[in-house]
2 protein chains.
Amino acid sequence: MCPTGNKKTPTLADVAEAANVSAVTVSRFFRHPEKVSEAARGRIEQAVSELGYAPNAAASALASRRTNIIGLLVPSLTNNVFNDVLSGAFDEVQGTPYSIQIGNYRYRPSEEEALIRTFLHQKPLGLVIAGGNQTPAAAEMLRAADCRIVQIMDTEIDGIDMVLGLSHTEAAEAAVRHLRERGYQRIGFLGARMDPRSQNRLAGYHRAVADLDDPTDSRVFTTPEASSTELGGRLLSDLLAAMPDTDAVFCNNDDLAAGALFECQRRGMRVPDRLAICGFNDLEMMAQTCPPISSVRIFRHEMGRRSVRLMIEAVAGAGVERGLREDLGFEIVERASTRPR
Amino acid sequence: MCPTGNKKTPTLADVAEAANVSAVTVSRFFRHPEKVSEAARGRIEQAVSELGYAPNAAASALASRRTNIIGLLVPSLTNNVFNDVLSGAFDEVQGTPYSIQIGNYRYRPSEEEALIRTFLHQKPLGLVIAGGNQTPAAAEMLRAADCRIVQIMDTEIDGIDMVLGLSHTEAAEAAVRHLRERGYQRIGFLGARMDPRSQNRLAGYHRAVADLDDPTDSRVFTTPEASSTELGGRLLSDLLAAMPDTDAVFCNNDDLAAGALFECQRRGMRVPDRLAICGFNDLEMMAQTCPPISSVRIFRHEMGRRSVRLMIEAVAGAGVERGLREDLGFEIVERASTRPR
DNA sequence: GTGAAAGCGCTAACAA
DNA sequence: TTGTTAGCGCTTTCAC
């Protein structure tokens, strides 16, 4: 097997023998060190390091009928929003006995359902999933699941267990109000990948512009396609073609906002004099464009961290009750692209 | 346990009983369906779906002493380059019995070593890792590992097993030559996070400017910090302060290039008339900025896919020999930011 | 604080 | 093609 000719991977029993205790004691040593005498502990520690022992996760999972895996389901892996969430989640498991297993369902409910089924079969410690629009079958599996569930990204959902996120409706409404307060009156909406969170942002937009005298929706341009900078330019062109007097635009996300800015630069339209732009997510780049773009800051990394922390605390019996809701809020970050008129 | 009161998860034995065969036959049915008679197959299929059986991965791993996990170690989770690689890898395992387990070592060799140790202990199908500058201990573990290894991103490394990537030296050299061919003579280099691949890009730059009459390195500005758009602006400012006659700049990556462009816009410096800019990676946005930025296209998604495919073929005994090297190449994408003078 | 016995659900090797 | 036997390495009782 092993080209270097090591005998074989050491087992609990090997460690036990070397430390002059029984296998159970070694097992205990790893799970409840405080329940092992100081003397035994010392000998075990030494045996472990001498033999280079590492526990066999499969055997442990089989015997205990549970794993230390936290499943983390995301709709996309090529999206800065989820990357930051992932990164936060990985930061938080660092140094714990838990590990993260990622599932990517590519925004497809059927793949999400399949992944939930697969993950649940592995008896994970818990599942962290984005949002709440699972298929009915998936929702049922989650409800019946023998583990904790954290739904992240969005608080405007029917929660299954714990919920951690923000109100996208409120965040978008605040952003559009910000535009109004700065003196903009004919405000458009550009949206890509109209998932439930994006729909909520659109709802927030509608709430904020309700009393303007626009015919509703005449400045709303959305598409189900995936977001991109290129799309931002295209949607803005559509908007300006239909409603040339538009003086501000709120974008579903920062990619679109950047694309809209670049389109303005191409057309020689000054931002914000001719058109104000506000994005969503507040990616690092938004502060660097020329002019910098206002955006809605959300706490993606923190959401990843916190979801894992909640899970660990819940499982440790730290009294994290089902039904817990945590709103991480948002922040309107005002920059030159929405300077007062 | 389970709130819905299902008895318990069905096992192979339950399926076997329902299908009137022995457990081994059911096990065979999953691993080598062709070795099970048609009749048995039908009954097993039915029993499986009636009982909602799903194999217990831990038991399987314990019994067979191997898992279907492909470990994928990346230095960062907040980096478009690796996101695309991840995405490609996940696309390729889709529909196979294999799964991907991600490890994020945050550009820290010691964390990488720890992850390699952990992963190897799980008897993975194989490991896909970025590049080749592991710690000596990590390299030794990989060499001795009882599984296949694919090193991706870079072909200019001492390969352990399979290698899949591109020559960053050649790619950078080609990019800088491109600038020279377009008439630029005083070419700078901006670099962040100077990992081995970035070092190679710098080497390629040096190769391409060797016969210009610059004192070597006077136009090279690098930093070990993580890359960002903000940093691109900062490094460009440093370069221009030191060498104001610089007429072109090759950036380590596209974030820096975008930051450099924005800095030029802030200063009212025309691109490319006053300064040409070339990036690296060719992110989607580069085609959209104003002017669009030339870049070096590399095949990140394909690299992720191909690494998984190679691994699967190698394990299936498809004769993928150790020592295999595959160069995915690169492409200079010329845009307005490097228009000929 | 420690250990003996039993078994988690599966697969390898062999036999029929 | 199918089945029997014997574990894989750990954790769970429960007794001491």
Side-chain angles (χ1 to χ4, degrees), chain A residues 1-2 7-45 47-48 51-69 97 120-123 125 146, chain B residues 1-2 7-45 47-48 51-69 97 118 120-125 146:
Chain A
M1 303 271 289
C2 184
K7 309 258 173 283
K8 56 185 279 264
T9 3
T11 69
L12 261 198
D14 299 328
V15 176
E17 191 182 342
N20 227 322
V21 291
S22 75
V24 228
T25 304
V26 181
S27 173
R28 253 187 222 111
F29 165 82
F30 283 110
R31 289 171 302 128
H32 313 284
E34 75 283 1
K35 293 188 178 172
V36 173
S37 69
E38 189 117 53
R41 240 184 288 170
R43 278 175 289 138
I44 294 174
E45 263 158 12
V48 164
L51 296 169
Y53 170 79
N56 179 322
S60 165
L62 180 58
S64 66
R65 263 152 289 175
R66 47 185 289 296
T67 67
N68 279 334
I69 293 171
L120 251 22
H121 269 298
Q122 317 228 61
K123 319 263 184 209
L125 194 74
D146 185 24
Chain B
M1 303 270 287
C2 181
K7 308 261 175 276
K8 56 185 275 268
T9 0
T11 69
L12 260 196
D14 298 328
V15 175
E17 191 182 342
N20 225 320
V21 290
S22 75
V24 232
T25 306
V26 181
S27 172
R28 253 184 222 115
F29 165 82
F30 283 109
R31 291 170 299 129
H32 314 284
E34 75 284 0
K35 293 188 178 171
V36 172
S37 69
E38 189 126 329
R41 239 182 290 169
R43 277 175 290 140
I44 294 174
E45 263 157 13
V48 164
L51 295 171
Y53 169 78
N56 179 322
S60 166
L62 180 57
S64 67
R65 261 154 290 176
R66 45 186 291 296
T67 68
N68 280 334
I69 294 171
T118 309
L120 251 20
H121 269 298
Q122 317 229 59
K123 318 265 183 206
L125 194 72
D146 187 25

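Quick note: numbers below take in every heavy atom, side chains included, and nothing from hydrogens, waters or symmetry partners. Chain naming here is simple, since letters A, B, ... match the order of the sequence lines and numbering starts at 1 in each.
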For residues B:N68 and B:P97, report the shortest heavy-atom separation together with the two atoms involved.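 Here B:N68 and B:P97 meet closest at CB-O, 3.5 Å.
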
What side-chain donor-acceptor pairs closer than 3.5 Å can you find for residues 23-30 of chain A, not counting sequence neighbours?
unit_1, atom_1, unit_2, atom_2, d
A:T25, OG1, A:S22, OG, 3.4
A:S27, OG, A:R31, NE, 3.2
A:S27, OG, A:R31, NH2, 2.8

Of all heavy-atom pairs between B:A58 and B:N56, which one has the smallest distance, and what is that distance?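 Result for this residue pair: N-OD1, 2.8 Å.
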
Over all heavy atoms of both residues, which pair between A:D14 and A:P10 is shortest? Give the atoms and the distance, please.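 Of all heavy-atom pairs spanning A:D14 and A:P10, the closest is OD2-CA, 3.2 Å.
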
The criterion is side chain to side chain contact (heavy atoms under 4.5 Å, CB included); which residues satisfy it with B:A63, sequence neighbours excluded?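 Applying side chain to side chain contact (heavy atoms under 4.5 Å, CB included) to B:A63 gives none.
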
So, for B:T67 and B:A61, which heavy atoms are closest and what is the spacing to 0.1 Å?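 Here B:T67 and B:A61 meet closest at CG2-CB, 3.8 Å.
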
Does B:Y53 reach a base, just sugar-phosphate, or nothing at all? Heavy atoms under 4.0 Å.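 It contacts sugar-phosphate atoms only.
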
Side chain to side chain contact (heavy atoms under 4.5 Å, CB included) partners for B:N20, two or more places apart: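 B:N20 satisfies side chain to side chain contact (heavy atoms under 4.5 Å, CB included) with B:R43 once adjacent residues are dropped.
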
Determine: side-chain N/O of B:T25 to OP1/OP2 of D:dT2, distance under 4.0 Å, yes or no.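 For D:dT2, neither OP1 nor OP2 has a side-chain N or O of B:T25 closer than 4.0 Å.
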
What do the steps show when you test B:T9 against A:R65 for side-chain contact (heavy atoms from CB on, under 4.5 Å), and what is the final call? CA-CA 11 Å; B:T9 0; A:R65 263 152 289 175; over 6 Å; no

Of all nucleotides in DNA chain C that come within under 4.0 Å of a heavy atom of chain A, which is furthest toward the 5' end and which toward the 3' end?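 So the contact region on DNA chain C extends C:dG1 to C:dG9.
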
From CG (B:L51) to CG (B:L12), nearest 0.5 Å: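 The distance works out to 11.5 Å.
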
Show the distances under 3.5 angstrom between N or O atoms of the protein and N or O atoms of nucleotides 12-14 of chain D.
unit_1, atom_1, unit_2, atom_2, d
D:dT12, OP2, A:R31, NH1, 2.8

Distance check needed: D:dC10 C1' versus B:N56 CG, whole Å only.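 It works out to 13 Å between those atoms.
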
Could you tell me how far apart B:L62 (CG) and D:dT11 (P) are, to the nearest whole angstrom?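 Rounding to the nearest Å, CG of B:L62 and P of D:dT11 are 11 Å apart.
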
For B:A57, enumerate each residue passing the side chain to side chain contact (heavy atoms under 4.5 Å, CB included) test, keeping only those at least two apart in sequence or located in another chain.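 Here the qualifying residues are A:Q122.
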
Within residues 10-17 of chain B, residues whose heavy atoms come under 4.0 Å of DNA chain C: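 Close to the strand are B:T11, B:L12.
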
Spacing of B:R43 atom CZ relative to D:dT2 atom C1', expressed in whole Å: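 Result: 11 Å.
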
Could you pull out all residues at least two apart from B:P55 that satisfy side chain to side chain contact (heavy atoms under 4.5 Å, CB included)?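 Listed in chain order: B:Y53.
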
